[in-house]
K.L.:
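Sharing a structure, written as structure tokens. Questions coming.
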Amino acid sequence: MAKEKPAPAQKTFTLTNDQTGKSVKLPVLDGTIGPPVIDVRKLYEETGHFTFDPSFTATGSCKSRLTYIDGEEGILMHRGYTIEELTKHSSFLEVAYLLLYGDLPTQKEFDAFEHNITYHTMVHEQINYFYRGFRRDAHPMAVMCGVVGGLSAFYHDSLDIWDPKQREISAHRLIAKIPTLAAMTYKYSIGQPFVYPRNDLSFAENFLYMCFALPAEPYKINPVLANAMDKIFILHADHEQNASTSTVRLAGSSQANPFACIASGIASLWGKSHGGANQEVLEMLDEIGSIDRIPEFIKRAKDKNDPFRLMGFGHRVYKNRDPRAEVLKGAADEVLDDLGIDDPMLDIARELERIALQDEYFIERKLFPNVDFYSGIILRAMGFPTSMFTVLFALARTVGWISQWKEMIEEPSLRIGRPRQLYTGPAQRPYVPIAKRK
Ligand code: SDX
């Protein structure tokens with residue numbers, strides 16, 4: 001009988017308190033690829049110390065099988081498939097299936113999934129009245145926070161997060177209905193009537209139809225735009241434990257319903273440092289206005305006393321390239337050429353990238369275009385106002401958010417997320433009556 005191989009010894013990290021000389025051994029956990037982690041779950045119990053990592057620069061919050069990013073190499077993979085391959089060969093709905101269920105679907109599985117999503121694209125007619133409460137000039141992301149949060153008021157039949165069937169139908173409803181709500185948000189902002197979804201169109205075609213069709217005349221789908229839209233959705237689908245995904249996971253850890261969790265993700269994504277950057281990029285390029293003004297803005301971006309930053313530049317994880325930005329840079333050319341648009345913004349963006357990437361400040365800090373830098377140029381060419389850009393990001397990222405939420409709920413040991421802190425406030429002190437305060 002073959003001698004059983006001894007189990008590999010548990011890898012550990014020894015932490016020593018230099019003041020007391022006391023040491024603690026912490027287990028090291030390995031993933032499939034990527035950096036190992038030091039398991040600090042027993043640290044407080046064994047040392048009376050917390051870890052301290054306020055913006056989570058070195059903290060793994062969970063195990064996940066969905067997405068892997070190699071920041072040094074500029075690699076982004078979903079369930080092992082690179083973003084380059086997925087944008088070349090796949091579709092957004094197929095990537096949605098991959099993120100939700102773990103593998104690329106067979107034709108039969110895909111057809112069933114696509115049918116399910118298609119037949120959930122309509123929203124309850126009462127939701128139309130939500131929109132009436134907003135001013136027409138409300139920021140579309142404010143509207144989306146409201147209407148998506150309100151969805152849980154309509155789906156009492158799928159709020160039991162412990163029922164796999166209800167989890168699945170909530171995921172399908174969110175993936176299917178958020179494009180409809182996003183299109184309604186856009187239509188409401190421009191005073192045009194809502195356009196109902198059509199079941200004979202693909203996911204991306206249907207979204208463009210709901211945004212740009214008018215009751216007064218037939219709407220012709222432009223396959224170039226539909227293809228670009230689908231590619232943009234794929235590029236924004238999921239991205240490990242970014243700020244909005246971590247928000248969704250933390251909200252979900254308290255057993256909040258999936259609709260409320262996705263609404264919390266939308267709120268977080270809206271921030272200028274996160275998904276809100278795609279709108280900021282276009283506004284920045286608008287402000288720069290011409291190539292000869294680029295040096296003035298590069299100077300401002302480097303000035304510590306000036307809050308101005310080059311929007312669409314830099315990334316917490318990517319330290320050499322954002323593979324999504326490279327795909328979008330190529331797509332910008334294609335879409336503008338196909339549409340016969342000569343957008344001076346694209347020239348400014350390209351020249352800004354060229355100058356910045358030669359500048360010591362940006363090289364030293366490894367700052368270069370991220371996913372938001374080129375996306376806005378394409379979206380504007382497609383006819384979307386800048387205020388809708390982050391809504392489109394949220395539409396696509398809903399697939400990642402709900403897949404991450406589902407993965408977390410299906411973990412055998414779901415516990416509420418409850419970070420600790422380093423307290424720096426006053427020590428205990430006696431209450432002073434107001435008459436005695438100086
Ligand atoms: C997204 O996490 C994700 O995965 C996010 C995302 C996803 O798909 O979910 O990829 C989507 O959010 C992309 C990022 C979009 N945001 C922007 O484009 C806004 C502009 N970028 C920055 O605000 C910033 O680069 C962040 C927010 C993206 C990253 O912030 P970090 O990691 O906290 O980096 P930092 O602010 O500590 O900057 C490090 C240094 C600083 O200089 P020093 O203090 O060291 O001298 O770089 C400088 C910063 O001042 N810096 C910039 C800069 N970004 C960082 N200087 C000028 N312009 C910039 N854009």
K.L.:
If you compare all heavy atoms of Phe110 against all heavy atoms of Glu94, which two are closest, and at what distance to 0.1 Å?
P.N.:
CE1-N, 3.6 Å
K.L.:
Assess whether a salt bridge exists between Glu84 and Arg321, defined as any Lys/Arg side-chain N lying under 4.0 Å from an Asp/Glu carboxylate O.
P.N.:
yes
K.L.:
Taking atom types as modelled, is there a side-chain donor on Thr180 or Thr121 under 3.5 Å from an acceptor on the other?
P.N.:
no
K.L.:
Does a side-chain N-to-carboxylate-O contact under 4.0 Å join Arg380 and Asp343?
P.N.:
yes
K.L.:
Would you call the rings of Phe233 and Phe92 parallel, tilted or perpendicular if under 30° counts as parallel and over 60° as perpendicular?
P.N.:
tilted
K.L.:
Tell me if the centroids of the rings in Phe384 and Phe389 come within less than 6.0 Å of each other.
P.N.:
no
K.L.:
Between Thr57 and Arg316, which heavy-atom pair has the shortest distance, and what is it?
P.N.:
CG2-NH1, 3.8 Å
K.L.:
Charged N to carboxylate O below 4.0 Å: is that the case for Asp333 and Arg350?
P.N.:
yes
K.L.:
Under 3.5 Å, side chain of Asn242 to main-chain N/O of His239, donor-acceptor pair present?
P.N.:
yes
K.L.:
Indicate yes or no: at least one non-hydrogen side-chain atom of His172 is less than 4.5 angstrom from one of Phe113.
P.N.:
yes
K.L.:
Run the salt-bridge test on Glu351 and Arg354 with the 4.0 Å N-O cut-off and return the result as yes or no.
P.N.:
yes
K.L.:
Would you mind reporting whether Glu240 and Ser64 have side-chain heavy atoms less than 4.5 Å apart?
P.N.:
no
K.L.:
Under the ring pair (Phe, Tyr, Trp, His ring centres under 6.0 Å) test against Phe313, which residue among Phe297, Phe368, Phe373 passes?
P.N.:
Phe373
K.L.:
Which pair of heavy atoms, one from Asp230 and one from Ser90, lies closest together, and at what distance?
P.N.:
OD2-O, 4.4 Å
K.L.:
Kindly indicate, with the supporting measurements, whether the criterion side chain to side chain donor-acceptor pair (under 3.5 Å) is fulfilled by Tyr374 and Glu353.
P.N.:
CA-CA 10 Å; Tyr374 284 102; Glu353 176 185 5; 2.3 Å; yes
K.L.:
Calculate, to the nearest 0.5 Å, the distance between atoms CG and OH belonging to Asn199 and Tyr119 respectively.
P.N.:
4.5 Å
K.L.:
Hey, can you tell me if Phe154 and Phe130 have their rings parallel, tilted or perpendicular (30° and 60° cut-offs)?
P.N.:
tilted
K.L.:
Tell me whether Arg300 is salt-bridged to Glu287, with the criterion being a basic N under 4.0 Å from an acidic carboxylate O.
P.N.:
yes
K.L.:
Just do the side chain to side chain donor-acceptor pair (under 3.5 Å) check on Gln404 and Asp238 with the steps written out, would you?
P.N.:
CA-CA 9 Å; Gln404 297 266 355; Asp238 191 50; 3.0 Å; yes
K.L.:
When rounded to the nearest 0.5 angstrom, what is the spacing between CG in Leu66 and CG in Leu98?
P.N.:
8.5 Å
K.L.:
Are Glu85 and Lys88 ion-paired here, with the side-chain N under 4.0 Å from a carboxylate O?
P.N.:
no
K.L.:
Please name the pair of heavy atoms, one in Phe362 and one in Ala356, separated by the smallest distance, quoted to 0.1 Å.
P.N.:
CB-O, 3.3 Å
K.L.:
Is it true that a side-chain atom of His236 and a backbone atom of Ala394 form a donor plus acceptor pair closer than 3.5 Å?
P.N.:
no
K.L.:
Hey, are Asp322 and Arg324 close enough for a salt bridge, meaning a charged N less than 4.0 Å from a carboxylate O?
P.N.:
yes
K.L.:
Closest approach of Leu15 and Leu43, non-hydrogen atoms and distance?
P.N.:
CD2-CD1, 3.6 Å
K.L.:
Given side chains that start at C-beta, do those of Val123 and Leu181 come closer than 4.5 Å, heavy atoms only?
P.N.:
yes
K.L.:
Are side-chain heavy atoms of Leu414 and Met408 found at a separation under 4.5 Å?
P.N.:
yes
K.L.:
Taking the six-membered ring of Tyr361 as reference, does the NZ or CZ atom of Arg365 fall below 6.0 Å from its centre and within a 45° cone about the axis?
P.N.:
yes
K.L.:
Between Ile409 and Gly252, which heavy-atom pair has the shortest distance, and what is it?
P.N.:
CD1-O, 4.1 Å
K.L.:
Between atom CD of Glu205 and atom CE of Met210, what is the distance when rounded to the nearest 0.5 Å?
P.N.:
12.0 Å
K.L.:
I'd like to know if Lys11 and Asp30 make a salt bridge, using a cut-off of under 4.0 Å between side-chain N and carboxylate O.
P.N.:
yes
K.L.:
With a 3.5 Å cut-off and no angle check, do the side chains of Ser23 and Thr16 form a donor-acceptor pair?
P.N.:
yes
K.L.:
Looking at Glu411 and Arg65, does any basic side-chain N land under 4.0 Å from a carboxylate oxygen?
P.N.:
yes
K.L.:
Indicate yes or no: does Asp160 engage Arg167 in a salt bridge with an N to O separation below 4.0 Å.
P.N.:
no
K.L.:
Would you call Glu407 and Arg249 a salt bridge, taking side-chain N to carboxylate O under 4.0 Å as the test?
P.N.:
yes
